[in-house]
Structure formats: C-alpha cells, structure tokens
Amino acid sequence: MSQLGNSADVIVIGAGIHGCSTALHCALRGLSVILIEKDHAGRHASGVNAGGVRQLARHVAEIPLSNASMALWHDIENLVDDDCGFTSDGQVLVAEDEADLAQCRARVDDLNLRGFHHEEMIDAKELREIVPAVSETCPGGVISRRDGAAIPLRATQAFKRKAQSLGVDVREGVKVTKVEPDGAHWRVVTDAGNLVAPRIVNAAGAWADRIAADLGEPVPLEVIAPMLSITAALPAFIKPVVILRGRKLSFKQFGNGTVLIGGGYLGRAIRDENRTILDWHKLASNVRTVWELFPIMRGAPIVRSWAGIEARMPDDLPVFGRSARHEGVYHQFGFSAHGFQLGPGAGAVMAEIIATGRSNVPIDGLGIARFATQAGSAAHSAR
Amino acid sequence: MIAIDDISALSSHYDLVVVGAGPAGLSAAARAADLGLSVLLADENPAPGGQIYRAVTTTPVVQRDILGEDYWLGAGIAARFERSVASYAARCTVWALGPDETSPGAFELGLSLGSKARMISAAQVILATGAQERPFPIPGWTLPGVMTAGAAQIALKSAGIVPAGRTAIAGCGPLLYLLAGQLAAAGTEIVAVLDTTPRANWAKALAALPDFLRSPYLAKGLKLMAKARRSLRFVSGVTGLAAQGDRQLSGVRIVRGSTAETLACDTLLLHQGVIPSVNLASAAGCALDFDETQHAFVPRVDAWFASSVGGIAIAGDGAGIGGAESAALRGEIAAFDAARKLGRLSEAERDRQAAPFQAELTRRLRGRRFLDLLYKPAAQFLAPPADETIVCRCEEVTAGQVRDAASRLGVTGPNQMKAFLRCGMGPCQGRLCGPTVVELIAQTRGTTPAETGYYRLRPPVKPVTLAELAALPPTDEATKAVVR
Ligand SMILES: Cc1cc2nc3c(=O)[nH]c(=O)nc-3n(C[C@H](O)[C@H](O)[C@H](O)COP(=O)(O)OP(=O)(O)OC[C@H]3O[C@@H](n4cnc5c(N)ncnc54)[C@H](O)[C@@H]3O)c2cc1C
C-alpha cells in the first residue's frame with residue numbers, strides 16, 4: 001500500500017472485468033484510482049464464465065455498449081498488452097425449425113431498421129458449412145461474424161495488470177463493508193481501513209445490491225449461479241460458438257479440442273461463502289440437448305462442471321451509469337450472465353462519463369432509476 | 001455383503017455411503033453395517049483391498065512370501081467385510097458429492113457403474129479414498145519406460161506382471177524399500193535402488209526418534225530396509241536424477257553431490273512417498289490444511305475424523321498418511337461416530353466402543369512423525385530446478401512456464417495458474433501436477449505452500465461421459481418424498 005494510500009480521484013469497488021476495465025480507462029484519462037477487491041481479480045463471474053464475446057442476440061438497449069466493446073476486443077492486445085486468448089470465429093444461432101427461423105428473420109429485420117447490421121441470416125446450406133456437425137433438420141440461423149471467445153480469467157487479470165502498470169492502486173483481499181457520505185466526498189469503509197474519494201464506482205457484481213442499498217438505492221438483484229461443463233479434447237469439428245434459439249444451449253470448441261457446454265442452467269449460489277452448488281439433473285438436461293444435436297459428442301468425457309456467482313436483474317439488463325440520487329456515484333453491475341463481452345467497452349464509456357460527464361455511446365434504459373419505484377419492494381433481494 | 005453389479009440395483013438412499021474399499025473403507029463399512037446402518041461401499045476397482053491390499057481376494061500371485069505377510073492381513077479385513085450385510089459396488093466411480101438440495105443435511109452422490117450414471121442420497125458419508133503417490137517430476141519422467149513404483153505394484157498385485165528388463169528404482173520412503181523387495185522376490189532384475197533421502201533429514205528427524213524406536217513401524221521398517229540392502233545394489237545420497245533416452249528410456253543420470261554417472265536401464269520406477277488423495281474431499285468443500293510434517297495438503301478432521309463439512313468424515317490415509325493398520329482403525333472410529341450421528345449409538349456408547357480402537361490407533365501412529373521427517377523429499381525433487389521439466393503431463397506444462405507466470409504475470413495461486421497455462425485442467429484434475437505447481441509458485445514468490453493454497457477441485461472428480469450424464473434418470477421429487 002502506498003503512503004498516501006487512502007484517497008484517490010476514483011475508487012472502484014470490485015475487480016471483475018468491469019471494475020478492472022473502468023479502473024484502466026480512468027487511469028488512461030489521467031485519474032488516480034484505487035481498485036478494491038475482496039478476493040482476487042477475476043475470482044467470480046469474470047474469471048469463470050464461458051468466455052463468449054458475443055454481440056449476437058443481445059437486447060437492443062445493450063447494443064451500443066456491445067459495439068463499443070467489440071471494437072476494443074478486436075484490438076485487445078494493444079489495449080492490455082495481452083491477447084487474452086481472444087479468437088474470432090463468429091457465433092451462430094441455430095434455428096431448430098421453421099418457426100424458429102421466422103423469429104430469427106423478424107429479429108434481423110428489426111435490427112437492420114435500427115441501423116445495426118452485425119447479425120445476418122444464413123440458410124441451411126451455409127449453416128451446415130459453418131457447423132458441419134449440426135443435425136440435418138435445422139433450417140438455418142443467424143450469424144454474427146465478428147463474435148468469438150476469450151479466456152476469462154486471463155483477460156480480467158490482463159486488465160488488472162495493465163491498470164496497475166498505469167498506476168492504479170489495486171488492493172486484493174480487501175472487502176468494502178460500507179459506503180457513506182463524507183462531506184462532499186464518499187467514504188469507503190473496508191476491513192483494512194477507510195478510503196475517501198469524490199467519485200466511487202459500484203462494480204461489485206453479485207454483491208452490488210449491498211453497496212446500492214447503503215446508498216439508498218435498493219435494487220431487485222438476484223444472485224444466480226449459471227453452470228458450465230467442459231469435455232476432454234475431441235477432434236476439431238466446429239469453429240464458431242453455437243447457440244440455440246429455442247432450447248437453452250451454448251456450445252464452443254476451443255483450439256485444443258475441448259468443448260464447453262453452457263446454456264444458462266442454474267445451480268445455487270451461496271454468495272457469503274463464495275460457493276456454488278451444482279444441479280446435476282439440470283446439467284443432464286443441458287447435455288441431453290448436445291446428445292441430440294451433435295451425435296459425435298456422445299462418448300465425450302465430461303471432465304469438469306462448475307458454476308459462477310453472477311448478478312441478474314429482473315429485465316436481464318445491466319445497471320449502468322450515474323446514481324439517480326447522488327453526485328459522484330456510478331453503478332456498473334447486474335450484467336445478467338452476459339457481461340463479459342461488455343467489459344472492455346463498458347469500462348471505456350464509464351471512464352468517459354466520469355471524466356467528462358457524458359458519452360456519445362447511448363445507455364438509455366440501463367440506469368438505476370428504472371428500479372426506483374420498486375424501492376420498497378426490493379427488500380426481498382437475496383441477502 | 002450384497003454385491004451390486006447393476007446401477008439400478010442401488011437403493012436411492014443409504015444411511016451411510018463409504019467411498020473406497022481399502023482397509024479404512026472396508027472396516028468402516030463392516031462396522032457401520034454391524035451397528036445396523038444401511039451401508040453402501042463404492043469403489044472403482046474390480047475387487048476390494050484398495051491400494052495396499054489391492055486384489056487381495058483375486059491376485060494371481062499365490063506364493064505368499066512375494067507380497068509379504070503384511071499384504072495378506074488384508075484378506076482378513078476383506079473377509080470380515082464380506083460377512084457383513086453392507087452393499088458393495090465394485091467398478092463403481094463416485095464422481096460427485098454435494099448437498100442434497102431436497103433434504104437438508106443429507107448428501108447427493110453421483111455414481112457411475114457399467115457405463116450408467118445415477119444420483120443417490122446418503123445421510124452420512126465416509127471418504128476413504130486413501131493416498132496417491134507424491135508426484136516426482138524429474139527431467140524425462142514422461143518417457144516410456146519410466147513409471148511410478150505404485151503403478152508397478154498394481155501390475156504385480158492384480159496381474160502378477162513385473163517390469164521388463166533392467167530396472168532401477170529411485171526415490172525415498174518406506175514403500176520404496178517394500179516395493180523393491182516385492183519386485184525382487186517376484187523375479188525383477190533390479191539394477192539399483194537410488195535413494196534420494198536427504199542426508200540432512202536425519203538431523204531433523206532425530207527428535208522424533210525415541211517414539212519411533214518404540215513403534216511398530218520400526219521392526220517392519222528395519223526388516224524391509226535390511227532385506228533390500230542385503231540383496232540389492234543400494235546407492236544413497238542421490239541429489240539429482242534425470243531419465244534419459246530418445247523416445248524410450250535408455251538410462252538414468254544420477255547425481256550425488258558433485259559427481260554424476262549414468263546407469264543403463266530399461267525401466268525406471270519413481271517413488272517419493274504418498275500424500276492424501278484429496279480430490280473428492282476438496283470438491284465436496286472439505287477444508288484442507290497444509291501439514292508441514294507430511295508436507296502435503298490434508299483435510300481438516302477432528303478426533304472422529306469428521307471433516308469441516310458436517311456429515312462427511314474422512315478415514316484412512318485420505319486424512320493424513322498413517323499406513324494400513326491405522327487406516328483400518330480410523331475406519332472403525334469414523335463408523336462409530338456415523339452411528340452416533342444417526343442416533344443408533346449414544347455418545348457414551350460410541351465412546352465406550354471406540355476406546356480400544358483409539359488406544360490402538362495412538363500406538364500405531366507412534367513413530368510416524370519420524371518417518372515423515374526422515375523421508376520428506378528434498379526441495380529439488382518437489383520443485384524441479386530444470387526449466388524444461390514437465391510438471392503437468394495432461395497439458396504439457398513445464399516448470400519454467402509455471403515459474404515465469406508466477407513472477408512475470410504475478411500469478412499467486414494454482415487456481416489462477418489454470419487460466420494462463422491450463423495446468424490442472426486435464427482429465428487428471430491436477431492429481432499429478434497440483435503439489436508441484438503449488439511448490440513452484442511458493443518458491444518463486446517466496447511464500448509457503450500453505451499461503452499459496454491448492455486447486456479448487458471441480459466435479460466430476462472422475463470423468464463421466466456425456467452419454468452417461470445425458471441418460472441420468474430425471475428426478476421425481478414426489479417418489480423421493482414417499483420413499484423417505
Ligand atoms: C458460468 C457463467 C458463464 C458466463 N458466460 C458468459 C459469456 O459467455 N459471455 C459473456 O459476455 N458473459 C458471460 N457471463 C457473464 C459475465 O461473466 C458477467 O456478466 C461479468 O463477468 C460480470 O463482471 P463484473 O465485473 O460485473 O462481476 P464480477 O466478475 O463478479 O466482479 C465483481 C467483483 O466484485 C467483488 N466484490 C463484491 N463485493 C465486494 C466488496 N464489498 N468489497 C470488495 N470487492 C467486492 C467480487 O469479489 C467480484 O470479484 C457468464 C457468467 C457465468 C457465471
């Protein structure tokens with residue numbers, strides 16, 4: 001810890017990909033930053049997620065942030081001096097039947113009208129060229145060609161290291177227990193002493209509702225534990241990430257041949273113990289879909305299954321932007337199981353808002369104010 | 001004993017599931033069944049015995065003096081278990097252990113048998129998963145022709161097979177001498193026993209010598225050592241080893257202080273002691289501590305071998321190395337406590353019945369500390385100094401890569417290391433590299449293994465196929481509720 005170590009221009013709470021990215025971008029703008037993490041950087045959602053860098057099938061409210069992020073992902077090594085294991089082989093959404101396909105078409109048309117062109121329809125023939133192993137009955141799908149995947153913990157720690165090299169004071173193993181006003185500033189109370197700053201960023205992931213509650217802005221955050229499984233290495237058979245429209249499945253084969261299977265099936269999170277409990281019956285449903293769609297996978301050994309602790313908002317959209325009540329308070333959490341891709345861009349936009357008061361990237365619909373009316377009823381959020 | 005050879009023959013619930021059919025598991029299961037508990041003993045091997053008494057009921061090695069009288073003690077333990085009413089599932093892998101979300105306090109276990117998987121529940125669990133050999137990473141240890149001494153012993157016990165050609169055995173620890181003796185008796189051509197016991201350890205172990213001199217280990221140990229020394233070429237004070245050969249082992253380079261020589265051989269057996277096999281315990285959330293004397297991560301247990309997770313006990317070498325006799329006793333003691341927890345024994349009755357076993361255990365463990373201190377491997381065999389030495393065999397990660405990530409990328413623990421090098425992410429789940437990776441990180445960062453921590457293990461603890469998992473019968477909460 002440095003000697004003048006208890007104040008800075010900005011204090012960021014939580015060193016997931018979001019906290020690390022915001023800290024880095026604030027430093028790039030010349031702000032002094034303290035980044036506080038109760039465990040180690042990337043210990044939670046940001047280090048154990050599926051690594052999907054996906055624009056495909058995102059809610060329109062997130063697309064501008066996602067676009068900003070994608071530009072950074074494609075030049076990630078220049079930003080953080082590490083390629084983060086990022087590869088871009090596209091992501092494909094498979095329609096399992098004609099009804100699925102019609103929905104896909106409606107979605108792509110809608111995006112085009114709004115001026116977004118990253119999603120394109122593909123027919124059965126192209127689908128099978130790109131995803132040769134997929135079952136014969138699937139009539140087509142949607143592709144987002146610039147999508148890909150990265151290695152989550154490596155990426156998060158690369159942001160941390162780059163931030164550190166630019167002077168960010170990163171304090172791991174330090175827990176924020178309370179935030180409160182201190183004159184015109186904010187006092188951040190930790191188990192290793194008090195810190196003060198004119199601006200604070202709440203990037204505390206699945207614990208962010210507690211910080212928000214301290215600030216008088218309670219939110220109905222649900223703590224979830226999405227599960228993933230990975231197989232032993234198999235011969236290469238698929239390049240892009242594949243997701244299904246109807247059933248819950250996401251599917252990615254890495255360069256080393258291992259296949260990651262996800263789909264948003266939930267285990268149980270015990271956030272105060274940093275622990276998750278798997279639900280094998282749900283994992284069985286998850287792999288049953290693979291069994292049906294990719295016969296070549298049937299004999300593959302599953303070598304690991306796990307879950308991460310993540311924050312979900314009722315509308316599946318993040319809470320992003322200024323506090324609705326306080327000067328100098330910013331929220332960046334609730335990424336609802338799809339925030340990894342958003343990390344690089346969200347940090348850049350947040351730093352811009354902090355430093356300049358505004359950003360050209362629209363974030364309408366993501367503010368914490370949308371939960372203000374429910375403030376009273378939010379007490380049920382999992383404590 | 002009720003043999004279960006089809007997974008559908010398992011009950012959906014047991015009072016107690018014991019994992020591992022070595023001396024600890026066999027004794028725990030037999031005792032618990034005698035106390036009236038419904039018991040399942042599950043083990044991945046085809047026959048009871050565990051590591052030490054492997055195949056004791058089926059081995060083709062019938063000439064008793066080859067494996068030695070201690071081995072045949074296992075037959076008695078197995079026979080007693082066979083007389084009990086416990087169920088026994090051989091060739092059955094337990095790949096998951098966690099809380100049963102439908103029944104507070106109980107456990108859900110994932111099992112595979114005959115290419116079928118199933119989830120069952122248990123009120124109590126005793127893990128008797130024993131020990132594994134401590135990894136022994138030297139340059140060239142992945143060459144064909146190099147294997148662990150334990151693997152050679154498995155081949156001998158279960159199939160009567162001995163290593164081919166000129167065989168060198170290297171390392172330290174009581175099992176090294178035992179195995180050398182067994183293999184020699186079975187006809188292996190042993191060209192040398194290369195002893196890596198650090199000379200400096202004698203001084204450290206001296207304080208524990210008086211206990212050892214009064215211990216049952218002594219007579220046995222001396223006998224083994226004397227036998228090995230008498231009949232075999234013994235090279236002591238070995239400070240460096242490298243397996244040599246182009247695609248196939250051709251010899252071993254031996255360094256003793258400032259001198260070096262190369263010994264031609266066709267097989268090199270490596271062994272530097274055993275450490276608790278902690279994967280299932282750790283995946284179940286049981287806390288581990290680093291035991292300085294045994295120099296290994298050991299699950300935290302109380303006097304009844306209860307782990308930090310209420311309802312899971314860990315008996316035998318899986319909770320700290322103590323040897324076969326102590327393992328059997330620890331199994332008994334854990335079973336008494338399981339019966340008490342299930343209300344089948346009062347606390348007083350448990351204490352009374354367990355007392356003689358506890359007294360015998362104390363006697364059996366006397367002298368252990370001396371062995372642990374004497375045979376603690378030298379630093380260069382725990383954290384290989386040569387950068388090119390492979391550490392993680394599954395992902396082919398070298399010692400140099402681990403050191404580099406620990407210093408340049410600031411990686412502070414083995415779980416983070418996975419993301420950078422993938423070590424510990426292969427099918428062995430870190431069994432073969434965990435201790436070495438921890439050692440290298442600690443050494444590079446100037447911390448201790450205790451501060452560095454161990455891999456967070458993730459289930460399935462043993463791989464299950466996608467088809468097995470996909471075919472898991474759907475749960476039926478309603479039937480479950482009625483059954484209980
Ligand atoms: C299994 C799984 C798969 C996923 N797959 C994908 C995917 O493929 N693509 C995608 O885009 N997204 C994916 N996600 C979602 C993505 O991982 C998350 O949305 C994203 O990582 C959230 O980042 P974060 O920085 O907000 O949160 P986190 O990474 O959880 O970081 C928050 C940090 O704050 C710390 N903290 C909390 N409270 C305090 C306190 N009081 N004091 C100090 N520190 C504190 C925590 O310890 C934590 O490290 C997945 C998530 C999971 C769980």
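So you know, we letter chains A, B, ... as the sequences are listed, proteins then strands, and number each from 1.
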| Side chain, backbone, both or neither: which part of A/Ile261 has an atom under 4.5 Å from a heavy atom of chain B? | side chain
| Using non-hydrogen atoms only, which part of A/Ile277 is less than 4.5 Å away from chain B: side chain, backbone, both, or neither? | side chain
| Step-by-step salt bridge (charged side-chain N to carboxylate O under 4.0 Å, His left out) determination, A/Arg247 to A/Glu96 | CA-CA 9 Å; A/Arg247 293 186 276 179; A/Glu96 288 192 74; 2.6 Å; yes
| request: Pick one of side chain, backbone, both or neither for A/Ser285, based on which atoms fall under 4.5 Å of a heavy atom in chain B. | output: neither
| query | Side chain, backbone, both or neither: which part of B/Leu457 has an atom under 4.5 Å from a heavy atom of chain A? | reply | neither
| task | Kindly compute the distance separating CG (A/Leu278) from CH2 (A/Trp306), expressed to the nearest 0.5 Å. | result | 10.5 Å
| query | Which region of A/Asn256, side chain (C-beta onward) or backbone (N, CA, C, O), has a non-hydrogen atom less than 4.5 Å from a non-hydrogen atom of chain B, or is it both or neither? | reply | side chain
| note | For B/Leu113 and B/Asp6, the nearest pair of non-hydrogen atoms, with its separation, is CD2-C, 3.8 Å
| task | Would you mind checking which part of A/Glu172 comes under 4.5 Å of any heavy atom in chain B, side chain (CB onward), backbone (N, CA, C, O), both or neither? | result | neither
| query | What about the rings of A/Phe251 and A/Phe294, do their centers lie closer together than 6.0 Å? | reply | yes
| said: Here's one to test your reading of the geometry: is the NZ or CZ of A/Lys252 within 45 degrees of the ring axis of A/Phe254 and under 6.0 Å from its centre? | reply: yes
| query | Can you say whether A/Val48 sits under 4.5 Å from chain B via the side chain, the backbone, both, or neither, judging by heavy atoms? | reply | side chain
| query | Side chain, backbone, both or neither: which part of A/Arg161 has a heavy atom under 4.5 Å from chain B? | reply | side chain
| For chain A, which of B/Pro460, B/Pro463, B/Ala467 has the most heavy-atom pairs under 4.5 Å? | B/Pro460
| field | Pairs of heavy atoms under 4.5 Å with chain A: top-ranked of B/Arg456, B/Gln416, B/Lys418 | value | B/Gln416
| query | What residue among A/Val259, A/Leu249, A/Thr231 forms side-chain contact (heavy atoms from CB on, under 4.5 Å) with A/Val290? | reply | A/Leu249
| Heavy-atom pairs under 4.5 Å with chain B, option from A/Ala300, A/Gly299, A/Ala233 with the top count | A/Ala300
| message | For the interface with chain A, which of B/Arg422, B/Glu468, B/Lys462 has the highest count of heavy-atom pairs at distances below 4.5 Å? | response | B/Arg422
| Residue from A/Phe335, A/Phe159, A/Trp73 passing ring pair (Phe, Tyr, Trp, His ring centres under 6.0 Å) with A/Phe340 | A/Trp73
| When you check the side-chain N and O atoms of B/Ser112 and B/Thr93, is any donor under 3.5 Å from an acceptor? | no
